[in-house]
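I have placed the structure first, in the form of structure tokens, so that the comments after it can refer back to it.
Values in this document were obtained by computation on a predicted structure and should not be read as measured data.
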Amino acid sequence: QVQLVESGGGLVQAGDSLRLSCAASGRTFSSYAMGWFRQAPGKEREFVTAIDWSGGRLNYADSVKGRFTISRDNAKNTVYLQMNSLKPEDTAVYYCAANPSDYYGSNPAMFPYWGQGTQVTVSS
């Protein structure tokens with residue numbers, strides 16, 4: 001089992017950048033695929049990006065391709081989400097999720113472990 005804690009959210013202006021971090025507990029972090037999802041008010045949770053256990057395979061939602069970058073540091077049990085060129089429509093609570101089967105797709109149901117979320121607000 002793994003516990004996840006996100007950090008790095010905040011209020012920024014359109015065009016700014018933010019880096020989110022997700023710190024994981026547990027010795028098996030390096031074998032888990034990791035994902036970032038987000039949920040805006042009144043909307044369903046949506047896939048943002050995911051990374052396999054090694055960091056060698058990545059998956060991005062079309063809406064963030066070219067702007068967001070996921071990475072991981074298995075020595076630090078941490079996964080990152082670098083968000084550049086932020087837009088008001090990126091405003092949401094961002095959640096980190098872990099999957100022990102190395103699934104790095106977009107289905108949130110495949111990720112059994114979730115953090116508490118961190119708010120990202122982008123003003124126009």
Side-chain angles (χ1 to χ4, degrees):
Q1 190 165 344
V2 63
Q3 294 183 328
L4 306 171
V5 179
E6 302 96 333
S7 62
L11 172 64
V12 297
Q13 294 187 332
D16 286 351
S17 298
L18 272 178
R19 189 176 82 156
L20 305 183
S21 299
C22 174
S25 65
R27 294 177 294 175
T28 56
F29 170 80
S30 60
S31 66
Y32 283 39
M34 301 295 296
W36 287 97
F37 293 78
R38 66 188 182 186
Q39 188 167 18
K43 295 187 177 181
E44 293 187 355
R45 190 168 298 189
E46 66 172 354
F47 171 75
V48 177
T49 181
I51 188 168
D52 79 330
W53 69 272
S54 70
R57 293 176 294 173
L58 311 176
N59 188 13
Y60 291 97
D62 288 342
S63 59
V64 305
K65 279 181 181 177
R67 300 188 299 122
F68 290 12
T69 302
I70 189 172
S71 62
R72 66 188 298 160
D73 185 338
N74 286 343
K76 296 182 177 180
N77 278 15
T78 302
V79 63
Y80 304 98
L81 180 63
Q82 177 66 44
M83 304 185 294
N84 298 330
S85 302
L86 282 161
K87 304 175 181 180
E89 51 264 44
D90 294 318
T91 295
V93 177
Y94 283 71
Y95 297 91
C96 173
N99 168 31
S101 72
D102 204 33
Y103 169 83
Y104 62 105
S106 61
N107 185 355
M110 294 295 290
F111 291 81
Y113 305 114
W114 292 81
Q116 83 288 348
T118 185
Q119 177 71 47
V120 172
T121 304
V122 185
S123 64
S124 57

If two hydrophobic side chains count as joined below 4.5 Å and joins carry through other members, does [X] share a cluster with [Y]?
X: Val122; Y: Met83; value: yes
X: Val48; Y: Val120; value: yes
X: Val64; Y: Phe111; value: no
X: Phe47; Y: Leu81; value: no
X: Ile51; Y: Met110; value: no

- Min side-chain heavy-atom separation Thr69-Tyr60 under 4.5 Å: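 Touching, per the 4.5 Å side-chain cut-off.
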- So, do Leu58 and Thr49 sit near enough that their side-chain heavy atoms are less than 4.5 Å apart?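 Not in contact.
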- Once you round to the nearest 0.5 Å, how far does CE of Met34 lie from OG of Ser71?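 One gets 11.5 Å once the value is rounded to the nearest 0.5 Å.
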- Rounded distance (nearest 0.5 Å) linking atom CH2 of Trp36 with atom CG of Asn59: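 So the gap between those two atoms works out to 16.0 Å.
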Identify all side-chain donor-acceptor contacts of residues 93-100 below 3.5 Å with residues at least two apart in sequence or on another chain.
from: Tyr94; atom 1: OH; to: Arg38; atom 2: NH1; distance (Å): 2.9
from: Tyr94; atom 1: OH; to: Asp90; atom 2: O; distance (Å): 2.6
from: Asn99; atom 1: OD1; to: Ser101; atom 2: N; distance (Å): 3.1
from: Asn99; atom 1: OD1; to: Ser101; atom 2: OG; distance (Å): 2.9
from: Asn99; atom 1: ND2; to: Ser101; atom 2: OG; distance (Å): 3.1
from: Asn99; atom 1: ND2; to: Tyr103; atom 2: O; distance (Å): 2.9

All N/O donor-acceptor pairs, side-chain side in residues 7-26, below 3.5 Å, sequence neighbours left out:
from: Asp16; atom 1: OD2; to: Gln13; atom 2: N; distance (Å): 3.1
from: Ser17; atom 1: OG; to: Asn84; atom 2: OD1; distance (Å): 2.9
from: Ser25; atom 1: OG; to: Gln3; atom 2: N; distance (Å): 3.1

[X] versus [Y], closest heavy-atom pair with distance:
X: Ser54; Y: Gly56; value: OG-N, 3.1 Å
X: Gln116; Y: Leu4; value: OE1-O, 3.7 Å
X: Val2; Y: Tyr32; value: CG1-CE2, 3.4 Å

- Message: Which residues end up grouped with Tyr80 if you chain together Ile, Leu, Val, Met, Phe, Trp and Tyr wherever their side-chain heavy atoms are less than 4.5 Å apart?
- Response: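 Tyr80 shares its hydrophobic cluster with no other residue.
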- Can you name the side chain to side chain donor-acceptor pair (under 3.5 Å) partners of Thr121, sequence neighbours left out?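 Thr121 satisfies side chain to side chain donor-acceptor pair (under 3.5 Å) with Gln119 once adjacent residues are dropped.
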- Query: Can you name the residues that form a salt bridge (Lys or Arg N to Asp or Glu O under 4.0 Å) with Lys65, not counting sequence neighbours?
  - Reply: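 So Lys65 forms a salt bridge (Lys or Arg N to Asp or Glu O under 4.0 Å) with Asp62.
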- Message: Can you see whether Phe29 has Arg72 sitting over its ring - NZ or CZ less than 6.0 Å from the centre and within 45° of the normal?
- Response: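 Flagged: Arg72 positioned over aromatic ring of Phe29.
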- Message: The criterion is ring-ring contact (aromatic ring centres under 6.0 Å, His included); which residues satisfy it with Trp114, sequence neighbours excluded?
- Response: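 Applying ring-ring contact (aromatic ring centres under 6.0 Å, His included) to Trp114 gives Phe37.
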